[in-house]
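Okay, structure first, notes after.
Order of the sequence lines fixes the chain letters, A, B, ..., with proteins taken first and strands second; residue numbering starts at 1 for each chain.
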Number of protein chains: 2
Amino acid sequence: MRGAVVSISEGRNGAAATKARILDAAEALFMEHGFEATSLRAITAAAGANLAAVNYHFGSKEELFEAVLKRRLDPMNQRRVALLTQLEHDAAGRPVPADRVVSAMIMPALELARDPARGGANFLRLLGRAYADPAPFIRRFLSVHYAEMIARFKEAFARALPNLPRRELSWRLHFIMGALSYTLAGTDALKLIHEIAPSDDGGNDELLLRRLAPFLLGGLTAPLADLDEAPGDLDGAPGIPPGPSR
Amino acid sequence: MRGAVVSISEGRNGAAATKARILDAAEALFMEHGFEATSLRAITAAAGANLAAVNYHFGSKEELFEAVLKRRLDPMNQRRVALLTQLEHDAAGRPVPADRVVSAMIMPALELARDPARGGANFLRLLGRAYADPAPFIRRFLSVHYAEMIARFKEAFARALPNLPRRELSWRLHFIMGALSYTLAGTDALKLIHEIAPSDDGGNDELLLRRLAPFLLGGLTAPLADLDEAPGDLDGAPGIPPGPSR
DNA sequence: GTCCGATTCAAACATACGTTTGACTTCGGG
DNA sequence: CCCGAAGTCAAACGTATGTTTGAATCGGAC
């Protein structure tokens with residue numbers, strides 16, 4: 001009765017199969033409802049497993065959530081770093097152009113989005129949502145699993161954009177992660193606001209990321225703001241001389 | 001015993017005061033833990049009110065959350081539209097420059113962040129978090145309360161950037177809302193990743209938004225990607241001819 | 001065939017949740 | 001002075017949660 005869900009033979013290891021089914025079901029449900037609003041009962045029911053299986057295989061609900069993230073996030077970040085390393089090797093000591101560094105950040109996400117067998121776009125939505133989650137254990141997890149990649153890319157951007165002050169670069173990387181996460185989280189309601197037809201992106205996350213790349217590059221290489229401007233005078237054009245209006 | 005929390009005389013209306021205290025406490029707690037993870041018991045305890053007061057004054061937990069958002073969001077969006085209207089009036093028929101339109105989006109958020117009496121930056125964090133929340137009632141609320149503003153600004157941007165295809169503009173506005181929300185949500189963990197010292201932003205959301213403005217403008221006005229490129233060839237530079245590497 | 005560790009299972013555990021109830025208090029107006 | 005609506009309050013409601021328990025079952029190794 002138990003193996004009814006599994007497609008082919010589950011080999012000699014039904015246990016590992018259960019663990020995997022729970023991971024898949026948890027990924028889908030966490031993605032749809034968020035961490036707090038998803039119950040272990042809903043997960044185990046969807047996975048065709050017993051309620052106690054989660055605590056047996058993962059220890060707790062929080063550890064299950066971390067396992068769901070870790071399964072796909074670590075490989076993606078490793079791929080990002082590997083791509084950047086390759087670019088730096090090809091550049092032979094010269095700085096890697098900024099647009100290529102941006103591509104190295106985005107392409108692994110694109111590959112993941114294109115591969116339904118690895119969770120497809122669903123996982124990216126879950127990830128984007130995790131960025132905004134206030135739970136301390138999630139924040140701790142993300143900072144641990146992103147630290148190395150971010151540091152590497154910050155170095156690369158610093159060399160590609162020598163005129164951009166270090167502190168400004170930190171902020172712009174922050175903005176980049178924001179636009180990226182938010183876009184991936186992709187709540188339908190906001191898409192609706194922008195009147196983006198479903199056909200424009202339905203499953204086509206590749207197109208989405210292709211549009212995102214020039215946007216991020218444009219923001220990253222934008223002229224600096226005049227931070228000495230008097231407060232309250234923000235409507236003065238930042239980085240651009242006052243237009244003919246007014 | 002009840003009025004001990006209230007600073008000055010609460011006039012003849014202790015009821016409205018209770019409602020306001022609940023709103024304030026809910027805003028702080030929702031901001032800190034999110035909607036699902038915040039209990040009505042924690043809110044009423046922090047507000048010095050009875051548990052049943054929430055259901056009496058607001059009807060339900062969801063309606064309380066909407067009231068918390070509505071109190072500050074509606075005025076902010078109205079101010080955004082008012083600023084844009086003023087700019088369009090001053091432009092006398094000519095398109096308003098894109099950088100000024102960006103400023104009109106950002107400045108009201110900046111003003112709110114600078115005013116602790118109106119919730120300060122805390123509310124903006126709560127708002128940023130709401131963007132990523134999957135709960136249907138939140139998505140419905142946001143789409144209703146943002147629709148008018150987004151439509152107005154999309155029109156303005158379309159006139160300021162006549163060479164940017166309409167569909168591309170929709171996407172870039174989406175990205176802008178993403179970077180904005182995410183930045184405002186500002187989880188400490190991610191700041192930590194980027195090694196941004198606390199002194200860089202402690203309470204100084206003005207500086208943050210000043211840095212954000214040129215970034216958004218740069219992304220908005222970035223050159224278009226070549227969407228006809230062969231799939232999988234993303235490491236070819238988007239919008240920029242292939243560099244010397246490779 | 002028998003044993004043992006690994007796994008599965010139904011059931012119960014102890015809390016915590018949002019909401020409702022019905023009595024009590026407050027207070028301005030007749 | 002008393003009335004009645006508005007507000008407050010303690011208590012309970014029913015349900016849902018994550019976790020634990022201890023017995024049942026399984027799958028190879030000897």
So which atom in B:Leu127 and which in B:Leu142 form the shortest heavy-atom distance, rounded to 0.1 Å?
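In this case the closest contact between B:Leu127 and B:Leu142 is CD1-CD2, 4.3 Å.
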For a quick test of reading the model, state the closest non-hydrogen atom pair linking B:Phe175 to A:Ala179 and the distance between them.
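Smallest heavy-atom distance, with atoms named: O-CB, 4.0 Å.
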Output the pairing pattern of DNA chain D as a dot-bracket string, 5' first, Watson-Crick or G-U wobble with both distances under 3.5 Å, | for cross-strand pairs, [ ] for crossing pairs.
|.||||||||||||||||||||||||||||
Residues in salt bridge (Lys or Arg N to Asp or Glu O under 4.0 Å) contact with A:Glu155, at least two apart in sequence or another chain:
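Only A:Arg166 meet the salt bridge (Lys or Arg N to Asp or Glu O under 4.0 Å) criterion with A:Glu155.
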For A:His57 and C:dA6, is the shortest distance between a side-chain N/O and OP1 or OP2 below 4.0 Å?
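For A:His57, the contact criterion (side-chain N or O under 4.0 Å from OP1 or OP2 of C:dA6) is not met.
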Using only side-chain N and O atoms of B:Thr18, determine if any of them is under 4.0 Å from OP1 or OP2 of D:dT8.
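Looking at the OP1 and OP2 atoms of D:dT8, one of them is under 4.0 Å from a side-chain N or O of B:Thr18.
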Would you mind reading off the distance between B:Tyr56 atom OH and C:dG22 atom C1', rounded to a whole angstrom?
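In whole Å, C:dG22 C1' lies 14 Å from B:Tyr56 OH.
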Atom-pair distance (NZ on A:Lys19; C1' on C:dT7), nearest Å:
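Roughly 12 Å, once rounded to whole Å.
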Return the CG to OH distance between B:Leu51 and B:Tyr56, rounded to the nearest 0.5 Å.
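Output value for this atom pair is 15.5 Å.
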For the residue pair A:His145 and A:Phe141, does the interplanar ring angle fall in the parallel (under 30°), tilted (30 to 60°) or perpendicular (over 60°) class?
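The rings of A:His145 and A:Phe141 lie parallel, inter-plane angle below 30°.
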Between B:Phe65 and B:Phe30, what is the ring plane arrangement, given parallel below 30°, perpendicular above 60°, and tilted in between?
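Perpendicular.
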Between A:Arg211 and B:Glu168, is there a donor-acceptor pair closer than 3.5 Å when you use the side chain of the first and the backbone of the second?
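Checking the backbone N and O of B:Glu168 against the side chain of A:Arg211, no donor-acceptor pair under 3.5 Å is found.
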Could you write nucleotides 10-22 of chain D as a row of B, S and -, 5' to 3', where a protein heavy atom under 4.0 Å of any base atom gives B, of only sugar-phosphate atoms gives S, and otherwise -?
B-B----BBBBB-
Kindly confirm or rule out a cation-pi arrangement of A:Lys61 over A:Phe35, judged by NZ or CZ under 6.0 Å from the six-membered ring centre and within 45° of its axis?
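Yes.
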